Amino acid sequence: MRARAVGVIVAVVGLAVTVLAPAARAGDTVGLVDPTQGQWHLRNEAGQLTSFFFGNPGDVPVVGDWDCDGDATPGLFRTSDAFAYLSNVNASQIADIRFFFGNPSDVPLAGDWDGDGCDTLSIYRPSEQRFFVINELGQNEGGLGAADFDFVFGNPGDKPVVGDWDADGVDEVGLHRESTGFFYWRNTLDTGVAYGSMFFGDPGDRFVAGDWGMVDNVDTPAVFRPSNTIFFFRHTLSQGNADSQFGFGAPAWLPVAGDFGLDPPPPPPPVYPSCDFTPFTVTGGKATGGVAVVKDLVVPGDQPAIVELTGPPSGPGVNNFIVSGLDAAGNTIFDGGLNVNEGPSYKGTRPINMRSGFGPVRKIRVDANGDWTAVVKPICAAPKLTGTSISGTSHAVVQVDRSGTATLTHTGSSNFIVFTYQSATEREFVANELGPFTGTAAIAPGTDFIDITARGGGGWTVSLP
């Protein structure tokens with residue numbers, strides 16, 4: 001779902017919280033609206049707030065992508081005149097669109113009901129427990145058209161919410177039942193029993209839903225708790241404790257959720273190739289009590305670099321050598337980091353800070369049964385393909401200065417994966433094979449590094465005329 005409506009204070013029951021990390025957000029984030037001032041406070045993925053005024057005290061807030069540009073922006077339902085007021089920007093301004101909208105007691109809902117990438121306003125009428133779903137916006141100064149879908153769902157007192165619960169690209173409806181603390185949802189826009197249900201929250205919590213980035217394209221619940229002004233997030237549509245949380249705002253504020261398009265621009269790509277730092281070594285020992293060892297690993301200027309890893313030798317009780325790169329907050333960098341999970345006696349080289357938008361690496365986390373070493377070197381210290389071929393084993397990073405058709409050979413029994421990098425930042429996938437392999441791959445113009453993973457023993461060769 002591109003944007004979520006709230007507009008009402010809802011309650012949920014029985015939330016237990018076990019995770020204190022911020023919610024992961026791949027697109028949808030949350031905001032709060034001060035209904036006494038008409039002031040909006042929208043949060044981006046970095047936790048930064050954008051604040052502005054839109055509407056009058058007492059207006060019911062809703063957000064949606066009204067102009068189909070991918071960004072959720074404010075809407076209001078004014079119960080004094082039963083008009084909807086919609087804005088296409090997240091900033092203080094007068095409404096871009098206004099139209100007559102339902103009855104003063106109706107609850108506004110925003111959703112993409114037909115999968116066309118545009119949100120429209122619809123209605124939940126509490127007096128009838130009836131949804132009126134409409135696929136077009138009203139015209140300025142006019143009224144809202146006839147409903148495309150008209151159906152009953154739920155019991156008196158239920159509070160409505162909108163989301164794409166089944167990842168089909170079309171929004172559906174859900175209900176929160178204050179009397180039991182259950183959330184119910186349907187996967188089709190028609191009368192019927194709930195497709196699923198779950199128990200989430202405490203009495204007095206205010207309910208929203210969004211795609212928080214943990215299950216792609218599936219919306220899941222969050223609640224805003226006025227008593228401590230904390231948002232609690234559930235990352236799956238399943239019974240359980242809150243997966244993450246963070247706090248801001250004031251008790252009287254109303255939550256909204258959507259992809260507001262307020263994320264800061266990505267950091268500039270690392271400067272390449274400066275290669276102006278002195279190699280350094282990070283060492284660590286055995287993980288104890290199931291807790292991996294975490295050490296600082298900061299490359300001066302966040303330059304692209306290589307990390308030569310040596311794990312514990314084989315021996316009784318030695319398990320896999322597991323390595324990952326972390327950002328400054330201790331979050332795993334899943335792409336463009338270290339990411340090693342290999343057997344004992346591992347030796348190999350991994351690139352870091354080499355892909356735009358992934359990193360920089362600031363820490364290294366290692367789960368090992370013994371001592372290990374990580375030698376960090378400038379990227380230009382990687383071996384060069386000076387002739388027509390170069391060979392090696394395990395993970396490796398190789399410098400190249402030409403393009404063309406390369407011959408790739410692998411003699412191991414497991415995965416053989418090859419990526420190329422242009423300007424040490426843009427990555428291109430060229431091979432993913434299992435077991436012994438000989439074949440060709442195109443090395444694009446501008447390629448300056450090849451990243452090789454070769455598992456299962458044996459070795460590899462890259463030949464490039």
Side-chain angles (χ1 to χ4, degrees), residues 20-22 24 267 269-315 317-383 392-398 415 417 419 421 424-425 427 449-455:
L20 300 179
V271 177
Y272 164 78
S274 52
C275 294
D276 60 358
F277 70 91
T278 301
F280 61 93
T281 301
V282 180
T283 60
K286 178 181 179 181
T288 57
V291 179
V293 175
V294 177
K295 296 278 189 175
D296 289 338
L297 192 160
V298 180
V299 178
D302 297 327
Q303 299 175 40
I306 56 173
V307 182
E308 297 175 352
L309 295 165
T310 302
S314 299
V318 174
N319 59 6
N320 274 16
F321 179 56
I322 304 173
V323 183
S324 57
L326 310 179
D327 64 17
N331 301 309
T332 301
I333 300 173
F334 290 101
D335 204 349
L338 294 169
N339 303 322
V340 171
N341 188 347
E342 301 292 334
S345 301
Y346 172 81
K347 290 182 181 293
T349 300
R350 302 301 300 129
I352 59 172
N353 304 343
M354 283 186 62
R355 191 175 181 200
S356 296
F358 295 89
V361 170
R362 296 294 175 82
K363 300 175 185 290
I364 184 172
R365 179 172 57 205
V366 179
D367 187 352
N369 275 20
D371 293 338
W372 53 269
T373 301
V375 180
V376 185
K377 298 180 178 180
I379 190 66
C380 57
T393 59
S394 189
H395 295 86
V397 179
V398 175
N415 297 88
I417 303 170
F419 292 96
Y421 284 89
T425 58
R427 192 175 74 171
F449 290 94
I450 299 176
D451 176 20
I452 300 165
T453 295
R455 307 177 67 183

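All figures in this text were calculated on a predicted structure; none of them were measured in a lab. Atom set for the values below is all heavy atoms of this structure, side chains included, hydrogens, waters and symmetry mates excluded.
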Student: Holding to salt bridge (charged side-chain N to carboxylate O under 4.0 Å, His left out), I want the full list of residues that pass it with R362, two or more places apart in sequence or in another chain.
Tutor: D302
Student: Side-chain contact test, heavy atoms from C-beta onward, threshold under 4.5 Å: evaluate it for L309 versus T349 and give yes or no.
Tutor: no
Student: Could you tell me which residues satisfy salt bridge (charged side-chain N to carboxylate O under 4.0 Å, His left out) with D451, sequence neighbours excluded, listed by chain and number?
Tutor: R350
Student: Within the structure provided, determine whether V361 and D327 are in side-chain contact (heavy-atom separation under 4.5 Å).
Tutor: no
Student: Should I322 and V340 count as side-chain neighbours, where that means a heavy-atom distance under 4.5 Å?
Tutor: no
Student: Nearest heavy-atom pair of P351 and V397: which atoms, and what distance?
Tutor: CD-CG2, 3.8 Å
Student: Could you please spell out the steps behind the side-chain contact (heavy atoms from CB on, under 4.5 Å) verdict for L297 and I352?
Tutor: CA-CA 11 Å; L297 192 160; I352 59 172; 3.8 Å; yes
Student: Within a strict 4.5 Å, meaning less than it, do heavy atoms of the V323 and I364 side chains meet?
Tutor: yes
Student: Going by the rule ring-ring contact (aromatic ring centres under 6.0 Å, His included), which residues pair with Y346 if we only count those two or more places apart in sequence or in a different chain?
Tutor: F321, H395
Student: For the CZ atom of R427 and the CZ atom of F449, what is their distance to the nearest 0.5 Å?
Tutor: 15.0 Å
Student: Please report the shortest heavy-atom distance between V291 and A287, naming the atom on each side.
Tutor: O-CB, 3.3 Å
Student: Please report the shortest heavy-atom distance between S314 and S345, naming the atom on each side.
Tutor: N-OG, 2.9 Å
Student: Can you pull the salt bridge (charged side-chain N to carboxylate O under 4.0 Å, His left out) pairs that have at least one residue in residues 279-296, sequence neighbours excluded?
Tutor: D296-K363
Student: Kindly give the heavy-atom pair with the smallest separation between I379 and C275, and that separation in Å.
Tutor: CG2-SG, 3.9 Å
Student: Check the pair T332 / S324 against side-chain hydrogen bond (donor to acceptor under 3.5 Å, both in side chains), numbers first and verdict last.
Tutor: CA-CA 7 Å; T332 301; S324 57; 4.6 Å; no
Student: Would you say T283 and T373 are linked by a side-chain donor-acceptor pair, where the criterion is simply a distance under 3.5 Å?
Tutor: no
Student: Any idea which heavy atoms bring P378 and I306 closest together, and the distance?
Tutor: O-CG1, 3.9 Å
Student: Per the salt bridge (charged side-chain N to carboxylate O under 4.0 Å, His left out) rule, what does the pair list look like for residues 373-383, sequence neighbours excluded?
Tutor: E308-K377
Student: Would you list the pairs meeting salt bridge (charged side-chain N to carboxylate O under 4.0 Å, His left out) in which at least one residue belongs to residues 337-347, sequence neighbours left out?
Tutor: E342-R455
Student: Evaluate the side-chain proximity of L326 to V294: yes if any heavy-atom separation is below 4.5 Å, no if none is.
Tutor: yes
Student: Please name the pair of heavy atoms, one in W372 and one in G285, separated by the smallest distance, quoted to 0.1 Å.
Tutor: NE1-O, 3.2 Å
Student: Determine whether V299 and F277 make a side-chain contact, defined as any pair of heavy atoms from C-beta on separated by less than 4.5 Å.
Tutor: yes
